[in-house]
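Both ligands and their constituent atoms are indexed starting at 1 by order of listing. Just so we're clear, the structure is a prediction, and the values are computed from it rather than from any experiment. When a residue number appears, it is its place in the shown sequence, counting from 1.
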Amino acid sequence: MLRLAIQKSGRLSEDSLKLIRECGISFITSSLKLKTESTNFPLEILYLRDDDIPGYVADGVADIGIVGENVLVEEGMQHLAVEQLGFSKCRLSLAVPKGDPYEDISDLQGKNIATSYPKLLQAYLDEKGVQANIHTISGSVEIAPSIGLAEAICDIVSSGSTLISNGLREVERVFKSQAVLIANGGLNAEKQEILNKLLFRIHAVQRAQKAKYILLNAPNEKIAEISELLPGAKSPSILPLAEEGWSSLHSVVNEDDFWEIIEKLKAAGAQGILVVPIEKMIV
Ligand SMILES: Nc1ncnc2c1ncn2[C@@H]1O[C@H](COP(=O)(O)OP(=O)(O)OP(=O)(O)O)[C@@H](O)[C@H]1O
Ligand SMILES: O=P(O)(O)OC[C@H]1O[C@H](OP(=O)(O)OP(=O)(O)O)[C@H](O)[C@@H]1O
Ligand SMILES: [Mg+2]
């Protein structure tokens, strides 16, 4: 049985559980139970505070975990990282009160900065050759300037709405983060095999998230031109339609460029274009 540590409640929780479920792994959740076993995969899930996850994985209390890269690097545990998971994307940024005449990082020389990430911030300031006083606080960092605790803050930003609500302006991006899967380096062969199976499923889910299945109708004389626009997994499937002289083409397109491809397909004579999500994708 492999032990997975995930955040009990917070910004990582929902998507961590969603990923495990999309891998076809079933388990029963209850807000009171801090440990559950999957009913169809050799996995036990521990629900923890995110800050504790890297330490537990390093000590072998948990075998694997899901945590933000910001926490992992802050705790000096980046060697545990297995791979990025593509959710809980955010950045660690410096911000000052919006009326502050900030021009560049040298304006923070000798200032007080409140943060929950003193090591990441110190590394950034060192790199820029700036000396400042770092005040470590564990939460509600955005309040610090308005209560006279610091002239600037360094905290997690995603949409930026918390900064705006607190009259702050983002001035420097210190670190880019997303959720990452971490693992203990000394897993035995049995646990490593379970992890490999889990990774195989995660990759199938991730590939599917980036891809769309596309179906369209085209006159036969346009098939070659349209096929060129549809790289697909190999090459498009072509099926004859009941109507003479027409075919249906099926393929896979990348989410990032499908709008552009669709414009080109229409211009090339494609009709009845359908784009549908893919649940799993194995190559
Ligand atoms: N607004 C956000 N958007 C996207 N990701 C975020 C956001 N805020 C934080 N994160 C990411 O999610 C992780 C967990 O954030 P959260 O705010 O839930 O942590 P926390 O309050 O320290 O939780 P815990 O109670 O488990 O200690 C952060 O370390 C960061 O990687
Ligand atoms: O840029 P935004 O989209 O506004 O997000 C940023 C906020 O999100 C996180 O806090 P969260 O809401 O998770 O609360 P917390 O302080 O309890 O961690 C983070 O600490 C910021 O305060
Ligand atoms: Mg925390």
Side-chain angles (χ1 to χ4, degrees), residues 3-20 29-36 45-59 61-62 64-98 113-124 134-147 149-150 152-183 206 209:
R3 277 188 151 181
L4 163 71
I6 60 169
Q7 189 188 26
K8 181 177 180 293
S9 77
R11 298 279 190 162
L12 292 158
S13 314
E14 204 179 303
D15 285 342
S16 301
L17 289 172
K18 187 165 147 248
L19 175 65
I20 301 304
T29 43
S30 132
S31 57
L32 298 175
K33 228 174 148 212
L34 298 178
K35 206 166 76 156
T36 63
I45 303 174
L46 311 182
Y47 300 92
L48 304 168
R49 287 287 304 271
D50 70 339
D51 317 62
D52 297 334
I53 293 174
Y56 281 152
V57 170
D59 296 346
V61 173
I64 61 172
I66 296 176
V67 72
E69 287 173 314
N70 51 318
V71 168
L72 192 67
V73 176
E74 178 67 24
E75 296 185 11
M77 299 270 186
Q78 46 278 45
H79 58 281
L80 300 177
V82 176
E83 63 183 59
Q84 295 177 320
L85 296 173
F87 59 85
S88 297
K89 287 189 174 167
C90 57
R91 53 197 187 269
L92 182 67
S93 289
L94 278 158
V96 297
K98 67 173 189 287
I113 310 175
T115 188
S116 305
Y117 299 93
K119 295 204 183 106
L120 282 170
L121 174 57
Q122 188 65 63
Y124 184 78
I134 298 176
H135 293 263
T136 306
I137 55 177
S138 58
S140 301
V141 174
E142 291 92 347
I143 204 177
S146 67
I147 58 171
L149 188 71
I153 63 139
C154 179
D155 197 20
I156 299 294
V157 181
S158 171
S159 65
S161 57
T162 307
L163 290 184
I164 292 171
S165 306
N166 288 284
L168 299 169
R169 171 167 73 100
E170 183 177 4
V171 290
E172 304 279 339
R173 294 186 177 187
V174 172
F175 187 81
K176 249 180 87 181
S177 180
Q178 60 176 280
V180 63
L181 184 79
I182 60 173
Q206 285 179 332
Q209 278 166 352

query: At a 4.0 Å cut-off, with the gap strictly under it, does some heavy atom of Lys89 reach an atom of ligand 1?
result: yes
message: Within ligand 1, which atoms have a heavy atom of Gly10 less than 4.0 Å away?
response: 18 (O)
- request: Can you list, by chain and residue number, the protein N, O or S atoms under 2.8 Å from the Mg ion (ligand 3)?
  value: Asp50 OD1, Asp51 OD1
- request: Could you tell me whether atom 21 (O) of ligand 1 has at least one protein heavy atom nearer than 4.0 Å?
  value: no
query: Is it the side chain (CB and beyond), the backbone, both or neither of Gln7 that lies under 4.0 Å from ligand 1, heavy atoms counted?
result: side chain
message: Please list the nearest protein heavy atom to atom 25 (O) of ligand 1 with its residue and the distance rounded to 0.1 Å.
response: Arg49 NE, 2.8 Å
field: Protein contact of atom 14 (C) of ligand 1 - nearest heavy atom, named by residue and atom, plus distance
entry: Asp50 OD2, 3.4 Å
Can you produce the list of protein nitrogen or oxygen atoms under 3.5 Å from a nitrogen or oxygen of ligand 2, alongside each distance?
unit_1: ligand 2; atom_1: 1 (O); unit_2: Ser158; atom_2: N; d: 2.8
unit_1: ligand 2; atom_1: 1 (O); unit_2: Ser159; atom_2: N; d: 3.2
unit_1: ligand 2; atom_1: 1 (O); unit_2: Gly160; atom_2: N; d: 2.8
unit_1: ligand 2; atom_1: 3 (O); unit_2: Ser159; atom_2: N; d: 2.9
unit_1: ligand 2; atom_1: 3 (O); unit_2: Ser159; atom_2: OG; d: 2.6
unit_1: ligand 2; atom_1: 4 (O); unit_2: Ser161; atom_2: OG; d: 3.3
unit_1: ligand 2; atom_1: 4 (O); unit_2: Thr162; atom_2: N; d: 2.9
unit_1: ligand 2; atom_1: 4 (O); unit_2: Thr162; atom_2: OG1; d: 2.5
unit_1: ligand 2; atom_1: 8 (O); unit_2: Arg11; atom_2: NH2; d: 3.3
unit_1: ligand 2; atom_1: 12 (O); unit_2: Arg11; atom_2: NH2; d: 2.9
unit_1: ligand 2; atom_1: 13 (O); unit_2: Arg11; atom_2: NE; d: 2.9
unit_1: ligand 2; atom_1: 20 (O); unit_2: Asp155; atom_2: OD2; d: 3.4
unit_1: ligand 2; atom_1: 22 (O); unit_2: Glu142; atom_2: OE2; d: 2.6

- request: Write out the residue and atom name of the closest protein heavy atom to atom 11 (C) of ligand 1, then the distance separating them to 0.1 Å.
  value: Cys90 SG, 3.9 Å
query: N/O of Glu69 under 3.5 Å from N/O of ligand 1, yes or no?
result: no
- prompt: In terms of residue, atom name and distance, what is the protein heavy atom nearest to atom 8 (N) of ligand 1?
  reply: Ile156 CG2, 3.4 Å
query: Which ligand 1 atoms are under 4.0 Å away from a heavy-atom of Gly68?
result: 31 (O)
query: Which residue holds the protein heavy atom closest to atom 29 (O) of ligand 1, what is that atom called, and what is the gap in Å?
result: Asn70 ND2, 3.0 Å
